[in-house]
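Data block below; observations after.
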Amino acid sequence: MRHLLSILDLTVEEIEELLTTAEDILDHPDKYQDACRNKILAALFFEPSTRTRLSFESAMLGLGGRVLGFHDAASSSTRKGESVADTISIVSGYADIIAMRHPKEGAPLVASQHTRVPIINAGDGGHHHPTQTLADLLTIRREMGRFDGLTIGVCGDLKFGRTVHSLMEAMSRYKGVRFILISPKELAVPSVMLEELDRNGVPYLECQSLEEHMGELDILYMTRVQRERFASEEEYQRLKDSYILDSDKLRGAGERMIVMHPLPRVNEIDPQVDEDPRACYFRQAFYGRYIRMALILKLLRERGEAPATPDKGHPAYPVNQLPGAVCKNPHCITTTEQGLKQIFLRNPENGECRCFYCESKAE
Ligand code: CP
């Protein structure tokens, strides 16, 4: 069964194929209007969403299919204590494909163990958001015409920003890509991700100033400081306005740089920037519908096939259960899902162990 849990579940060639299909749908939507006739998408959103949920629904409707689901966990039997595993066992009997968003990291992986149909991760906690990344890649291809040799500034909440984590994984596979990681120290990229960049030989620089490297950037990827992931409201209030992009700050940028943002924005991009031709975040959201159409088509077509060998970029980790060890990440699905065993994977190169579900390091 093919699922999309992480962007690394797709090879570079498969991503290329999806982007090409999405562009063909953009140019010839009528050709695809019956492609999913009699197919049903379940959109299970245990966490709020505007773009991802509605673009998935719009994508399936545009393919001639139908949609069911919920947009609030409180209106589902999750409220009564039903597990992710049981919810998915049931819903996979009602639909042909499932797109799910969940606040707990690793929830889509649990879903993939209990489903009869493909699972698409529409965002799990601060972990992954692979379909946002596909929309980002389509945007970069259409706006820049290439992936190689880009300097990408990523700014804001790089600790909890799942869109950032998936984008970094995706772009690390292209030649000559360099990252400028702009965040307050408290919201820096997790060390496991920096180690991944080191392992793959991807150059990066961490800094706290939005302006300092503006002139070097091909892409400035702004992100929201995510109130819902903070343990302390006081800490959120202190950090929420760390970066605000306005027209003055953009004066230091090249004429061909593009400004991206997965949205929603709160205060980090002044609306005056929207008029700047370099601002492409609304086009980015628009493209999301078409890349999700391409993805639905691919996963339904390949439903019975084994996944392509994933170009993961890191060594395979053999399963190694650590008796008595417990994942310490409060956002991990193992903290709430009843009956879920703790599983850790050991890296044979350095002996490091990570949680199978959320990938955080075992302490
Ligand atoms: N970019 C994104 O995931 O937006 P939503 O939260 O509105 O789906």
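Counting convention: from 1, in listed order, for ligands and their atoms alike.
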Using a strict 4.0 Å cut-off to heavy atoms of [X], name the atoms of ligand 1 that fall inside it.
X: L263; value: 1 (N), 2 (C), 4 (O)
X: Q132; value: 1 (N), 2 (C)
X: T52; value: 2 (C), 3 (O), 4 (O), 5 (P), 8 (O)
X: T50; value: 5 (P), 7 (O), 8 (O)

- prompt: Does an N or O from P48, backbone or side chain, lie closer than 3.5 Å to an N or O of ligand 1?
  reply: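 The answer is no, given that P48 and ligand 1 share no N or O pair closer than 3.5 Å.
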
message: With nothing but distance in play, are any N or O atoms of R53 less than 3.5 Å from an N or O of ligand 1?
response: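 Between R53 and ligand 1 (N or O atoms, distance only) the closest approach is not under 3.5 Å.
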
task: Can you pull out the closest protein heavy atom to atom 4 (O) of ligand 1? Residue, atom name and distance to 0.1 Å, please.
output: R51 NE, 3.1 Å

query: Considering only the protein, which heavy-atom contact is closest to atom 6 (O) of ligand 1, and what is its distance?
result: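 In this structure, atom 6 (O) of ligand 1 has R101 NH1, 2.9 Å as its nearest protein heavy atom.
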
message: Heavy-atom count check: over 12 atoms from other residues, nucleotides or ligands less than 6.0 Å from E275 CD?
response: no

- request: For R141 and T20, test the side chains for any donor-to-acceptor distance below 3.5 angstrom and give the result as yes or no.
  value: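 Side chains of R141 and T20: pair found under 3.5 Å.
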
Side chains of K104 and T335, donor plus acceptor under 3.5 Å: yes

message: Please check this pair: side chain of S166 against backbone of T163, looking for a donor-acceptor N/O pair closer than 3.5 Å.
response: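 No, the answer is negative, given that no donor and acceptor are paired below the 3.5 Å cut-off.
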
- prompt: F45 ring centre to R101 NZ or CZ under 6.0 Å, with the angle to the axis within 45°?
  reply: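 Not flagged: R101 not positioned over aromatic ring of F45.
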
query: For E234 and R238, what are the C-alpha separation, side-chain angles and deciding distance, and is it a salt bridge (charged side-chain N to carboxylate O under 4.0 Å, His left out)?
result: CA-CA 6 Å; E234 196 185 348; R238 191 169 64 76; over 6 Å; no

